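Proteins get letters first, then strands, A, B, ... in listed order; numbering begins at 1 in each. Quantities reported herein were computed from a predicted structural model and do not represent experimental measurements.
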2 protein chains.
Amino acid sequence: MPTPHYGQPRYRAIAEELRRRIEIGNITPGTLLPAESALMAEFRASRGTVRSALAELRRTGFAMTAHGRGTVARLQAAPAPTESEADGPAVQSSLESRHTPAGDDLARLFGIQPEERVLEVQVVTRENGIVRSVVRTYSLTEED
Amino acid sequence: MPTPHYGQPRYRAIAEELRRRIEIGNITPGTLLPAESALMAEFRASRGTVRSALAELRRTGFAMTAHGRGTVARLQAAPAPTESEADGPAVQSSLESRHTPAGDDLARLFGIQPEERVLEVQVVTRENGIVRSVVRTYSLTEED
DNA sequence: AGAAATTTGTCCGTATGTATC
DNA sequence: AGATACATACGGACAAATTTC
């Protein structure tokens, strides 16, 4: 089989699919993801590709891996409002991440080219549904 | 050849050797490290192992890799003399803030116009002089 | 401008080591 | 001890970005 990765590589597509399952709740945060061998079978991918996908999930904060145990989906806060609760402000946060070109300012700080991509993790915090703060954390894209 | 990695894996030993060369100045920061093919020959290691070593250098902030160009040793900012020296990485942070136009993305989140200004607080964290993360926190400028 | 060479990126398969259950 | 799961290492092949000629 050739190795075409038009647009986006396979390991990233797998990572996105797994992230989707975690966000949907299909994979409950705190529980184990399927083993690498299971993911290999499901996605018909090699071990290396599956491991790259899991590495991507770790980088973006959606999973943590322990030797001999497995990869655990990390909880993303957001205990589901359920309102009532007398009155305490309903605070929720959402997290998302992406690879984006650094731009001039960040490029100068990191010592890279503006076109180079960095990892951006964005946390949006809402109070009673109103956006109160947006925190963007930038770091260099690290592999493996 | 078998695959014993007593104590420390091979890729990490290679990474440490390269890091030593950078620190000594044997490899001038800002210049290219030897290509993966050259490192394979020198350390008699497979490409995967060499790439793991380079990934380690990126993680630890000693290198940055660009597709098709090579891996560049990153410059180490001033060692920041002063103080105890103790041990453990020297972590420093600088903070600055400014009012800046929201832009499209933030405007959509906050429900304002893109030209409207928001407060941006930026914290740059350096480890041994190397920029590790840039955190930008946006919030609406509160008027009294 | 274009072709070739160089260099890193992705993917596959296999084997063995190490940690946990 | 055995089974399961992740970690390290090898080898080969093709894709994509950059540089060189």
statement: Whole-Å distance, A/Arg12 CZ to D/dA15 P, equals 19 Å

task: Using distance alone, with no hydrogens and no angle criterion, decide if B/Arg117 and B/Thr100 have a side-chain donor and acceptor under 3.5 Å apart.
output: no

- request: State whether B/Ser37 places a side-chain N or O below 4.0 Å from either non-bridging phosphate oxygen (OP1 or OP2) of C/dT6.
  value: no

- prompt: So does B/His67 reach the base of D/dA16 with its side chain, donor to acceptor, closer than 3.5 Å?
  reply: yes

message: Rounding to an integer number of Å, can you tell me how far B/Glu36 CD sits from D/dC14 P?
response: 18 Å

- request: For A/Arg69 and D/dA3, give me the distance from atom CZ to atom C1', rounded to whole Å.
  value: 17 Å

message: From CZ of A/Arg117 over to P of C/dG9, roughly how many Å is that when rounded to an integer?
response: 14 Å

message: Does a side-chain N or O of A/Tyr11 approach OP1 or OP2 of C/dC11 to a distance below 4.0 Å, or not?
response: no

statement: Assign each of B/Ala66 and A/Val50 the nucleotide of DNA chain C bearing its closest heavy atom; nearer the 5' end lies the nucleotide of B/Ala66

message: Quick check on D/dA5: is either OP1 or OP2 less than 4.0 Å from any side-chain nitrogen or oxygen of A/Thr71?
response: no

message: Just the rounded figure in Å: distance from P of C/dT8 to CD of A/Glu116.
response: 13 Å

Nearest-neighbour nucleotide for the A/Thr65 side chain, D/dA7, C/dG9, C/dT10 considered: D/dA7

query: Taking atom types as modelled, is there a side-chain donor on A/Arg126 or A/Ser93 under 3.5 Å from an acceptor on the other?
result: no

- request: Mind checking A/Gly48 for me? I need base, sugar-phosphate or nothing, with any heavy atom below 4.0 Å counting as a touch.
  value: nothing

query: Atom CZ of A/Arg10 and atom P of C/dC12: how far apart are they, to the nearest Å?
result: 6 Å

field: Any donor-acceptor N or O pair under 3.5 Å, side chains A/Ser46, A/Thr49
entry: yes

field: Separation of atom CG in A/Leu54 from atom P in D/dT8, rounded to whole Å
entry: 14 Å

- request: Report yes if the side chains of B/Met64 and A/Leu140 come closer than 4.5 Å at any heavy-atom pair, otherwise no.
  value: yes

Whole angstrom value for the distance that separates P of C/dT6 from CE of B/Met40: 15 Å

message: With hydrogens left out and only the distance checked, is there a donor-acceptor pair under 3.5 Å joining A/Arg47's side chain and the base of D/dA7?
response: yes

- line: Looking only at heavy atoms, the pair that brings B/Glu36 and B/Leu54 closest together is CG-CD1, 3.8 Å

message: So if I take every side-chain heavy atom of B/Ser46 and compare against D/dC6, D/dC10, C/dG13, which nucleotide ends up nearest?
response: D/dC10

